[in-house]
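Here is the structure we will look at, set down as structure tokens.
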Amino acid sequence: MSTQPSQDRIIIFDTTLRDGEQSPGATLNGDEKLTIARQLARLGVDIIEAGFPFASSGDFEAVQKIAQAVGTEAGPVICGLARATRQDIETAAAALKPAVRKRIHTFIATSDIHMEFKLRKTRQEVLAIAEEMVAYAKSFTPDVEFSPEDAGRSDPQFLYAVLERAIAAGATTVNIPDTVGYTTPAEFGGLIRGIKENVPNIDQAIISVHGHNDLGLAVANFLEAVKNGARQLECTINGIGERAGNAALEELVMALHVRRQYFNPFLGRPPESEKPLANIDTRQIYKTSRLVSNLTGMFVQPNKAIVGANAFAHESGIHQDGVLKHKLTYEIMDAQSIGLTDNQIVLGKHSGRNAFRTRLKELGYELLDQDLNRAFLRFKELADKKKEITDWDIEAIVNDETQQAPEHFRLELVQVSSGNHSRPTATVTLRTPDGQELTDAAIGTGPIDAVYKAVNRVVDLPNQLIEFSVQSVTAGIDAIGEVTIRLKQGDRIFSGHAANTDIVVASTHAYLNALNRLYDAALEYDKPLHSQLGEPAVVTASAATKA
Ligand code: KIV
Ligand code: ZN
């Protein structure tokens, strides 16, 4: 795979682990990032922006791990973000070192409002910094991307000048961010056309686009950009990201796939060409979406295009009748093309470890022995309760077992009593970080409320529960329930996720999962954070002394 591909295909640059992780509450630990990076490689993305190494030591280590494990000869390019400063660039270069192909992505704002109020720099100063820092990045790797932040609101003439200088200094990709999600499709397409026509050395670089979804226009903007010469799309799985998120990878890829006859001519191909426009294995889309949703705790809305639960469901009688007579009456794409299989019943009570391992392999999971053992035990427990185990059940178990939130507080027991003539009461026993086993009980408005109150009596980490959702993995009364919660402490949001056939147990695990992340963040308190990433969490003295 070359870092400087030809202009007749679309390069997919995934920033789920960098911009996506900037979603409030989407904080991932290093192992979770690595799990996602491996899946992004299976999906076939060209470039993984693995993080912002200067932002924190956690980010640095995650980028380094991904560079080592995923940035192989056959793997994607691994990219690290860096502000246009020497320290940021050196830190990114150090983190990326193990990758076979590495990219440094450096940026500086070019809109008047950012330069005046945020950077307090003149246009001349920004021009000089861009040139100098691109050249500096180039001294570490031949693959350098430059972004003029807030390009969507920058003066086009100034933008052309900055891009020309950045390319002359060695940028091989120039990325045009609509940082605040302000532009409309016609404007964004026009901006790309203007760059193509007015930057004299633009043929020496790939034009990339990056956009936020504040007005819900990011994907439409990108497709217009493609028509006008953009060849790299920066996107995230499920469209997660800062504020309203980034352009969604699955929407872009499927739009280009389903409408390739429309887009082909813009890439110099005959309309009827069947050659894929991007290198993505679309059958990995659904799995990647669920993995990212589970690990980040960012729930996918049911009506979300491509990956929402209802995206392929036909409710009205007229539609169902039409689809039965001929699929294409109401379906523009096949559910199987995104990897939504028929949810086959694959395993049962008598299936052994080998059958389980084989099915996992077929589903694309290669687990370490210890993870496989834990997942197999969970599978056996489930098979005792549920006659037919489907691929989705298996994925729920694996996602749950491979979630890497540290277990500072561990659930030993949860027990509830509730009913229409009793007060919901819960008892919990937890193992604390110092090895004590503590039990407490509470009464709540419902069984889950009672459990959470009982947990709070043991774990003294003040927080506000802001979101709680239960989703069934498959149909049927014996289905696995997946619980996703988000809680808030100060400005920071922490998510938790767990799956179990008993939703009280799943809810307790999900809550502890989020509390453990909060506790973990408190332990990271002393590590430097870039201002984009918010303030560190506050941990109470009593909780801290329990560590
Ligand atoms: O939105 C933005 O401008 C960014 C840049 C760092 C590319 O994320
Ligand atoms: Zn962004």
Side-chain angles (χ1 to χ4, degrees), residues 11-24 26 47-55 59 63 77 79-85 88-89 91-92 103-115 117-119 126 129-130 133-134 137 143-154 158-159 162-163 166 171-183 188 191-192 195 205-219 221-222 225 230 232-249 252 296 298 529-534:
I11 301 160
I12 300 294
F13 176 110
D14 182 277
T15 184
T16 305
L17 296 174
R18 198 279 294 171
D19 213 324
E21 212 231 359
Q22 285 174 217
S23 310
I47 297 138
I48 294 177
E49 188 165 49
F52 185 176
F54 190 75
D59 243 35
V63 173
V77 174
C79 174
L81 185 71
R83 289 168 300 175
T85 72
D88 270 41
I89 290 169
T91 312
R103 172 178 295 186
I104 294 176
H105 174 190
T106 187
F107 70 99
I108 188 162
T110 51
S111 64
D112 288 334
I113 186 166
H114 276 228
M115 289 188 292
F117 296 103
K118 189 179 82 169
L119 300 178
V126 166
I129 293 171
M133 290 304 122
V134 166
D143 189 349
V144 174
E145 173 169 328
F146 170 73
S147 289
E149 191 190 7
D150 205 15
R153 292 188 301 171
S154 300
F158 178 59
L159 189 62
V162 178
L163 294 176
T172 41
T173 299
V174 285
N175 179 47
I176 312 304
D178 181 14
T179 303
V180 291
Y182 179 72
T183 60
F188 202 55
L191 180 63
I192 303 304
I195 289 168
I206 293 282
I207 302 180
S208 167
V209 285
H210 178 107
H212 287 266
N213 213 19
D214 299 68
L215 295 174
L217 296 172
V219 168
N221 283 351
F222 278 27
Q232 175 178 287
L233 307 181
E234 297 202 354
C235 43
T236 61
I237 301 295
N238 301 335
I240 63 170
E242 192 76 52
R243 306 184 308 281
N246 288 66
L249 179 147
L252 290 164
T296 58
M298 303 281 294
L529 285 183
H530 181 266
S531 58
Q532 275 194 41
L533 304 181

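When a ligand or atom number is given, it counts from 1 through the structure's own listing order. From a predicted model like this one, the values you see are computed outputs, not experimental measurements.
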Next on the checklist: Between Ser154 (side chain only) and Ser111 (backbone N and O only), is there a donor and an acceptor less than 3.5 Å apart?
Outcome noted: yes
Checklist entry - How close do Cys235 and Ala248 get, heavy atom to heavy atom, and via which atoms? => result CB-C, 4.2 Å
Checklist entry - Testing Thr15, Thr16, Thr236 for side chain to side chain donor-acceptor pair (under 3.5 Å) with Glu49, which one passes? => result Thr15
Checklist entry - So do the side chains of Asp19 and His212 get within less than 4.5 Å of each other, counting heavy atoms only? => result yes
Next on the checklist: Are the side chains of Ser208 and Phe13 in contact, using a 4.5 Å heavy-atom criterion?
Outcome noted: no
Checklist outcome for this item: Note: ligand 1 atoms sitting under 4.0 Å from heavy atoms of Asp19 are 8 (O)
Checklist entry - Could an N or O of ligand 1 be found under 3.5 Å from any N or O of Arg18, whether backbone or side chain? => result yes
Checklist entry - So does Tyr182 have more than 12 non-hydrogen atoms from other groups sitting under 6.0 Å from OH? => result no
Checklist entry - With under 30° as parallel and over 60° as perpendicular, where do the rings of Phe222 and Phe188 fit, or are they tilted in between? => result parallel
Checklist entry - Can an N or O of His105 be found at a distance shorter than 3.5 Å from an N or O of ligand 1? => result no
Next on the checklist: Please give me the minimum heavy-atom distance between Ile192 and Ala225, naming the atom from each residue.
Outcome noted: CG1-CB, 3.8 Å
Checklist entry - How many N, O or S atoms of the protein are nearer than 2.8 Å to the Zn ion (ligand 2)? => result 3
Item to check | Distance-only N or O hit between ligand 1 and Glu234, under 3.5 Å | outcome: no
Next on the checklist: Among His210, Gln22, Arg18, exactly one meets side-chain contact (heavy atoms from CB on, under 4.5 Å) together with Asn246. Which residue is that?
Outcome noted: His210
Next on the checklist: I need the minimum non-hydrogen distance between Leu119 and Ile108, along with the two atoms involved.
Outcome noted: CD1-CG1, 3.7 Å
Checklist entry - Gln22: heavy atom below 4.0 Å from ligand 1, yes or no? => result no
Checklist entry - What atoms of ligand 1 come closer than 4.0 angstrom to any heavy atom of His212? => result 1 (O)
Item to check | Nitrogen or oxygen of Asp150 less than 3.5 angstrom from that of ligand 1 | outcome: no
Checklist entry - Heavy-atom contacts under 4.0 Å between Glu242 and ligand 1: side chain, backbone, both, or neither? => result neither
Item to check | Atom indices of ligand 1, in the order listed, that fall short of 4.0 Å to a heavy atom of Glu149 | outcome: 3 (O)
